Amino acid sequence: MKILFIIHDFLPTHQAGSEIYTYLLARELSKNHDVLLLFTEIHNQKTYRVTSRTYQGLNCLEVYRPCADPLKDSSYNDAKMAEIFKNVLTEFDPDVIHLQHLLFHSLGYPAIARDKGIPIIFTLHDYWLTCPHWGRRMKDNLELCHEIDVAQCAECMQGSSEPQFHSLVTRICRLLGFRGNINHAKKSIEKRLQTVHQLIHDIDLFICPSPFLTKTFADFGVPEEKLSLISHGFETTRFQKKKGVRSNGLRFGYIGTISEHKGIHVLVEAFSQLPEKEATLEIYGDLDWFPSYSKQLKSAANSSGIRFHGAAANEAIPDILNRIDILVVPSIWFENSPLTIHEAFLAGVPVITSNLGGMADLVTHQVNGLLFEVGNTDDLAEKMSLLIAQPDLVGQLQQSIPKVKSIKENGAEIEALYHRLIRTDSVD
């Protein structure tokens, strides 16, 4: 079988959850199938140049593309990317196409595939189809968007909040001169939503890794028969489950992107309320992506127990988890199905996380971890204090950590879907 994977960007330059999962799945399926990955990278001098390369034995096509205004067609319906996609289909002739993300590609890909009789699957990693603001469903002032409101979306994308809250996408757009009037923004949002709903019609199946995301897209208008709840698989052999905690104080940890929507400031402020020398907080993440936010975090870290370790390579995660007792995932946005929570469970590490979205789907309060009110530093500090006062509770939580699916098991699930869709398509 020939399988074409499509994602916005890829390893090794980009190492977020969607990129890592795509790599694991593509590598697993490449054991028995011919796999090709198509992705993009910002490069304003080599615009739309297609480069062939390999990554860990996987065949890749990388397209250099310009930075684009998220309100304009080029960010989600790039005509030049559509032409490149057509050429790839002609040359590679895939049996199935698996979308992982379409940012900076074209929402027209599914229609092109349908015209050629190629089944197409879309794994949803975030809420980007419903929200042009990086799919976060969050305003610049960090207020969550529980509903899709075109007027609110337009204000958000125009950067109507105070300058100190402007997101990276807003700042980029302003620097490139993309700011327009609010009525134009509304029309752009409406056009984008119409294009997304056409995509929904052309997709054969959406894979949703979490119940929360499944419900979100059902509410958005995706037919129930097109939604399949399938959790991610992981490279389970790299992790060894730990038991109990060491006697020299509890060690909390954060692993992931250092950005505001991830809520690390909530964690730092909560930990700073704890008595000195009763615990440590180990923070792993690239401090250079959002330097002003990193500076803010360091200024707020008034406890000697807080340590910033910088970026952590994916292969180092098992060893890092082995050195901490509790993983904290303090995100203030909905998340989907955070890879770090699954990885913590693989390592036998309980999790404290926000009572929101896909995080709350994975962690059951006082069973395999603890939930705290999203954004509430006092509540998070209270949960951390509880574990410091009752270290035996950590062991109890460890005993109820659920089994995590392997990438081999997940690969077999996905492969079965491919075969089913190919058979159905051939009948049609």
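Owing to the predicted nature of the structure, the values given are computational and were not obtained by experimental measurement. Heads up: numbering here begins at 1 and tracks the sequence.
- With respect to the salt-bridge test (charged N to carboxylate O, under 4.0 angstrom), the residues E335 and K262 qualify.
- Enclosure of atom NE2 in H14 by more than 12 non-hydrogen atoms of other residues, nucleotides or ligands within 6.0 angstrom is indicated.
- Between L99 and the options I6, I7, I121, a side-chain contact (heavy atoms from CB on, under 4.5 Å) holds for only I6.
- Using a distance-only test at 3.5 Å, with no hydrogens or angles considered, a donor-acceptor pair links the side chain of D95 to the main chain of K2.
- Comment: K405 does not engage E409 in a salt bridge, judged by the lack of any side-chain N to carboxylate O separation of less than 4.0 angstrom.
- Side chain of R137 to backbone of L144: no donor-acceptor contact under 3.5 angstrom is found.
- Taking CG from L37 and CG from L25, the interatomic distance works out to 9.5 Å, rounded to the nearest 0.5 Å.
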(message) Would H265 and V268 count as a side chain to side chain contact (heavy atoms under 4.5 Å, CB included) here? Give the steps.
(response) CA-CA 5 Å; H265 56 283; V268 168; 5.7 Å; no
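- In this structure a side-chain-to-backbone donor-acceptor pair under 3.5 Å is missing from N368 to V351.
- G233 and Y21 make their closest contact through N-CE1, 3.7 Å (heavy atoms, listed as atom of the first residue, atom of the second, distance).
- Using cut-offs of 30° and 60° for the angle between ring planes, the F104 and W134 rings count as perpendicular.
- Across every non-hydrogen atom of P94 and L4, the tightest pair is CB-CB, 4.0 Å.
- Surrounding NZ of K226 are more than 12 heavy atoms belonging to other residues, nucleotides or ligands, all under 6.0 Å away.
- The distance from the OG1 atom of T22 to the CG atom of L11 is 8.5 Å, given to the nearest 0.5 Å.
- Salt-bridge check for D325 with R251: passed, with a basic side-chain N closer than 4.0 Å to an acidic carboxylate O.
- Environment of CD in E278: crowded, with over 12 heavy atoms of neighbouring residues, nucleotides or ligands closer than 6.0 Å.
- Across every non-hydrogen atom of S337 and H342, the tightest pair is OG-NE2, 2.8 Å.
- Here the side chains of M1 and L29 are not in contact, with every heavy-atom distance at 4.5 Å or above.
- In this structure, the side chains of I407 and N410 come closer than 4.5 Å at one or more pairs of heavy atoms.
- A donor-acceptor pair under 3.5 Å is formed between the side chain of S210 and the backbone N or O of N336.
- Heavy-atom minimum distance, I306 versus F271: CG1-CD2, 3.4 Å.
- Residues F206 and F217 place their aromatic rings such that the two centres sit no closer than 6.0 Å.
- When side chains are defined from C-beta on, Q390 counts as touching L386, because their heavy atoms get closer than 4.5 Å.
- A donor and an acceptor atom, one from each side chain of H125 and Q100, are located under 3.5 Å apart.
- Under the 3.5 Å distance criterion, the side-chain polar atoms of H8 are left unmatched by any main-chain donor or acceptor of H101.
- Shown here for W333 and G135, the closest heavy-atom pair between the two residues is CZ3-O, 3.7 Å.
- Counting heavy atoms from C-beta outward, V88 and L36 have side chains that approach closer than 4.5 Å.
- Here the straight-line distance linking atom CG of N355 with atom NE2 of H365 works out to 9.5 Å at 0.5 Å rounding.
- Q273 and D378 form a side-chain donor-acceptor contact under 3.5 Å, judged by distance and modelled atom types alone.
- Using a 4.5 Å heavy-atom cutoff, the side chains of I401 and K241 are in contact.
- When side chains are defined from C-beta on, F252 counts as touching I352, because their heavy atoms get closer than 4.5 Å.
- The closest donor-acceptor contact from the side chain of S354 to the backbone of I332 lies at 3.5 Å or more, if one exists at all.
- In this structure, the side chains of F239 and E343 come closer than 4.5 Å at one or more pairs of heavy atoms.
- With T123 contributing its side chain and I207 its backbone, the two residues share no donor-acceptor pair below 3.5 Å.
- K139 and Q152 share a donor-acceptor pair across their side chains, judged by distance under 3.5 Å alone.
- Minimum interatomic distance between V196 and F220 (heavy atoms only, all atoms of both residues): CG1-CE2, 3.7 Å.
- R65 has its side chain within reach of I42: a pair of non-hydrogen atoms, C-beta onward, lies under 4.5 Å apart.
- Put simply, the side chain of R114 never gets that close to the backbone of I203: no donor and acceptor are under 3.5 Å apart.
- Taken to the nearest 0.5 Å, the SG atom of C131 stands 10.0 Å off from the CE atom of M138.
- Distance CG/L362 to OG/S231: 9.0 Å, rounded to 0.5 Å.
- The environment of CD in E147 is sparse: at most 12 heavy-atom neighbours from other residues, nucleotides or ligands sit within 6.0 Å.
- Counted by atom type alone, S106 and N77 present one or more donor-acceptor pairs between their side chains at under 3.5 Å.
- To the nearest 0.5 Å, the span separating CD1 on I317 from CZ on F234 amounts to 12.0 Å.
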(request) Would you sort out whether K215 and D219 count as a side chain to side chain contact (heavy atoms under 4.5 Å, CB included), showing the intermediate values? (result) CA-CA 6 Å; K215 182 181 184 305; D219 293 342; 2.8 Å; yes
(message) Go through it in stages, so that I can follow the logic: the residues are N314 and Y23, the test is side chain to side chain contact (heavy atoms under 4.5 Å, CB included), and I'd like the CA-CA distance, side-chain angles, deciding distance and then a yes or no.
(response) CA-CA 12 Å; N314 184 46; Y23 162 68; 5.7 Å; no
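- In this structure, D379 contributes its side chain and F372 its backbone to no donor-acceptor pair below 3.5 Å.
- Using a 30° and 60° split on the angle between ring planes, H146 and F334 fall in the perpendicular class, above 60°.
- Side-chain atoms of R307 do not come within 3.5 Å of backbone N or O of E282 as any donor-acceptor pair.
- Between Y127 and H133, the ring center distance fails the sub-6.0 Å criterion.
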(message) Applying side chain to side chain contact (heavy atoms under 4.5 Å, CB included) to F85 and I112, what does each step give before you reach the verdict?
(response) CA-CA 9 Å; F85 177 68; I112 296 169; 3.8 Å; yes
